[in-house]
Amino acid sequence: MRPTGKLHLGHLVGTLDNWVALQREYDCFFMVADWHALMGEYEDPGGMNESMIDNVADWLAAGIDPERSTLFIQSRVKEHLDLHMIFSCLTPLGWLERCPTYKEQLREVSTRDLHTYGFLGYPVLQAADILLYRADAVPVGEDQLPHLELTREIARRFNSLYKDTIFPEPEARLTVASRLAGLDGRKMSKSYNNTINLSDPEDTVRAKVQTMITDPQRVKLSDPGHPDVCGVFAYYNVFAPEDTARLRSACSNASFGCTECKKRLAAILVERLAPIQQRREILLQDKQKILDILEDGARRARSVAQQTLHDARSAMKI
Ligand code: SF4
């Protein structure tokens, strides 16, 4: 995860809940991807350090267990860059230029100039991040499948060039995680200023929920609502699925108003966030402890990474 600001509800239901489940089943490596963040935020990277601590506090508060999983900062394990360099030499330019997410970002991101050498090579660094730990599985959303395919192609190319099966071809573990839109219905993102952050105080959560976009055709309380086009209803689907059948019927027959509906949703979100925020507050009282967890994780990650790099170099006879 890139340390580019506060974590929000989209991160919780789209990523962290999934990580917590994964760590029960797998030996997991969770990485603060600071080099990746730098590729996008190179003009103003000053906030990254603060985001790292803040984000990891959220990870831990959400249930990531450092005893069970390895948590570390990417740049503290220098082997990521070594392997990135090796992979950069053998990755054809065309593979990167045709990557759909690369083309999409160039088209859509207008606030930063992403026409850089580093940004084009983003998926190569990702391949190094994954293959350094010879991962069997990578939790990805469908939009990231092309990146994982590129990782598999790079692994295959390396193994075939140096006639040694150093790297496995990792499988996608498609996340069944929920996608959560932002307050305005667009993708939840700090750049759209439409997030509910995991650290938002109760009053802020309640105020933000009141600004959410509902069914635009429902102007008066007596107008029947259409839950399927309502952003608030989509949140009920994720955070209170047991309430949706009743809400659907009450909304459609105009017996329940949007203001009350939002108030209830806000209460549900406040209740969901409360234990995370309590744990987060305690964790942030001792930032050194968070740094120690990350340093310990970096040590564990490094020992795996060094072995992989050694094997890769041996295969290449360098
Ligand atoms: Fe949406 Fe709730 Fe209003 Fe129906 S009552 S339109 S679900 S906010």
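Residues: numbered from 1 along the sequence shown. Bear in mind that the values here come from a model prediction, so they are computed numbers and not experimental data. Atoms within each ligand, like the ligands themselves, are counted from 1 in listed order.
Checked against a 6.0 Å centroid threshold, the rings of F87 and F167 count as neighbours. Between H36 and F119, a ring centre-to-centre spacing not shorter than 6.0 Å is recorded. A distance below 6.0 Å separates the ring centres of Y133 and F72.
Side-chain atoms of N159 and T165 include no donor-acceptor pair closer than 3.5 Å.
Atom 3 (Fe) of ligand 1 has C258 SG as protein N, O or S atoms under 2.8 Å away.
When side chains are defined from C-beta on, L269 does not count as touching R206, because their heavy atoms never get closer than 4.5 Å.
Taking CG of L284 as the start and CD of Q277 as the end, the distance is 11.5 Å to the nearest 0.5 Å.
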